[in-house]
There are 2 protein chains.
Amino acid sequence: MSIKMSLTREKILELGEDLILTKGYNAFSYQDISKELGIKNAAVHYYFPAKENLVTSVVKNNILRFEEMVDNMNTRMFDEISQLDAFLKIYAKSNREEKICLLGSLGPDFNTLAEITRKELQKMSVKIINWLSKLLNSGRKKGLFSFEGEPNTRALMILSNLVAGLQLARMMDKSDFKSIQSQILEDLKP
Amino acid sequence: MSIKMSLTREKILELGEDLILTKGYNAFSYQDISKELGIKNAAVHYYFPAKENLVTSVVKNNILRFEEMVDNMNTRMFDEISQLDAFLKIYAKSNREEKICLLGSLGPDFNTLAEITRKELQKMSVKIINWLSKLLNSGRKKGLFSFEGEPNTRALMILSNLVAGLQLARMMDKSDFKSIQSQILEDLKP
DNA sequence: TTGTTTACTTACTTGTAAGTAAGTATCTTT
DNA sequence: AAAGATACTTACTTACAAGTAAGTAAACAA
């Protein structure tokens, strides 16, 4: 990023992501964006010719942010507990802001997305699951975590707790997410 | 149900549910339904004046089916393990049919739903969580299940595993759901 | 200083979603 | 047999979403 990014383009991207996380992909329009930013409809099309270009960019952006976070934690030599904690904090922040996870927002819409968007979403899920698997595995080897079964399965379970945790919190009680978050950490204690 | 239900109405309800579970609420139209059923658009409006009436009926229907299942298991005196197993089987079936859970489909769309629909969705989540909590609690008391923490939190975690498990399976690998399902049961073993 | 690129706006087109009013055929009750 | 009620269809309206073609003003580069 940062190379050649107009302010307007960045604002569209940010607002687009926000709308996907709050209303859902098939419920927002370019008008929602243009009105909010005080620009014309066609200006949004100038940066993102079709809606599928916008979603795809939003997903790619999320992948980049995830990778930056991982890189950052690696260079700072975070231990496994701190890394998991940082990851959970991202979701806790979403919960406070009444947002859900991008995977959980676009997952149900998967069949309505363009092939390229699906590919990026897949890439994103795989990256997260692989990272989390490795984290759990090395944490267990060091005796920092304790759990039964495959690291990959455990990663799927923790991610699904987070993804649907945010969705359920939206429907039921915001504080339900906190219970889930605490229990994830509790369950991993040696 | 069954009192005063025209065949067309039932077909609309069934197809409407199917479309919500495969494409999402904001991605299907009354045309999708009328074309498929070989009727006119206005015929769908005859039974469900507005889209919000259709979704609300779909949710209410799901609540009824859930309650029938619970009643059925109670009269047949299913033990806690069998009841949980039956519940998991519903989700496994959805996974095979490439569908997701109604909660997981409408959860992300929650902010775009009418108040009455939201209320029904809330009712549905609360009913499921309360039932699952009690099931886990009494199963643990009998020594059939073993888990740490509050039954309510554990119920939230299992439900979120199932809800997002289906979503992740859609995006990644269908078999991921099976791993999650098996691990849920494994984790509860005494 | 002329030409090109950037960043838009103006002004459309096309398609579809949601919904409604009024009509009609058939069945059902009195 | 007449009067509802039921289950639709015909034929619209309104609104908005998505996208595009052509124009323009300013910046920037040759």
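Numbers restart at 1 for each chain; the letters A, B, ... are given by sequence-line order, proteins then strands. Heavy atoms only: backbone and side chains are in, while hydrogens, waters and symmetry mates are out.
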Salt bridge or not between B:R65 and B:E68? Use side-chain N to carboxylate O under 4.0 Å.
no
In terms of side-chain heavy atoms of B:Y46, which of D:dA7, C:dG19, D:dG19 is nearest?
D:dA7
Protein-nucleotide distance (A:I33, atom CD1; C:dT9, atom C1'), rounded to Å
18 Å
May I have the distance from B:E52 (atom CD) to C:dG19 (atom C1'), rounded to whole angstrom?
13 Å
Separation of C:dT16 atom C1' from B:F28 atom CZ, nearest Å, is 15 Å
Side chains of B:S160 and A:S160: is there a donor and an acceptor less than 3.5 Å apart?
no
Between C1' of C:dA18 and CG of B:D32, the distance in whole Å:
13 Å
Would one find a side-chain N or O of B:K40 under 4.0 angstrom from OP1 or OP2 of D:dC8?
no
Can you tell me if A:L185 has over 12 outside heavy atoms packed within less than 6.0 Å of its CG?
yes
Whole-Å distance between C:dA18 P and B:F48 CZ?
15 Å
Under-4.0 Å side-chain N/O to phosphate OP1/OP2 contact, A:T8 with C:dC8:
yes
With the side chain of B:S29 defined as its heavy atoms from C-beta on, choose the nearest nucleotide among C:dT9, C:dA17, D:dA18.
C:dA17
Are B:Q31 and C:dA17 close enough that a side-chain N or O sits under 4.0 Å from OP1 or OP2?
yes
Listed nucleotide nearest any side-chain atom of B:Y47, set D:dA18, D:dC8, C:dT9:
D:dC8
Is the distance from OP1 or OP2 of C:dT16 to the nearest side-chain N or O of B:Y30 less than 4.0 Å?
no
Find the distance A:N53:CG to D:dA18:C1' and express it as a whole number of Å.
12 Å
Should we say atom CD of B:E67 is surrounded by more than 12 heavy atoms from elsewhere, each under 6.0 Å from it?
yes
Can you figure out which of D:dA7, C:dT10, D:dG19 approaches the side chain of B:S6 most closely?
D:dA7
Would you kindly give the CD1-to-P distance between B:I39 and C:dT24, to the nearest whole Å?
21 Å
Could you verify whether a donor N or O on one side chain and an acceptor N or O on the other, from B:N111 and A:E98, lie under 3.5 Å apart?
no
Taking only the side-chain heavy atoms of B:A42 (C-beta and beyond), determine which of C:dA18, D:dA11, D:dC8 contains the nearest atom.
D:dA11
Per B:N41 side chain, nearest of listed nucleotides C:dA17, D:dA17, C:dG19
C:dG19
How close or far is atom C1' of C:dA22 from atom NE2 of B:H45, stated in whole angstroms?
16 Å
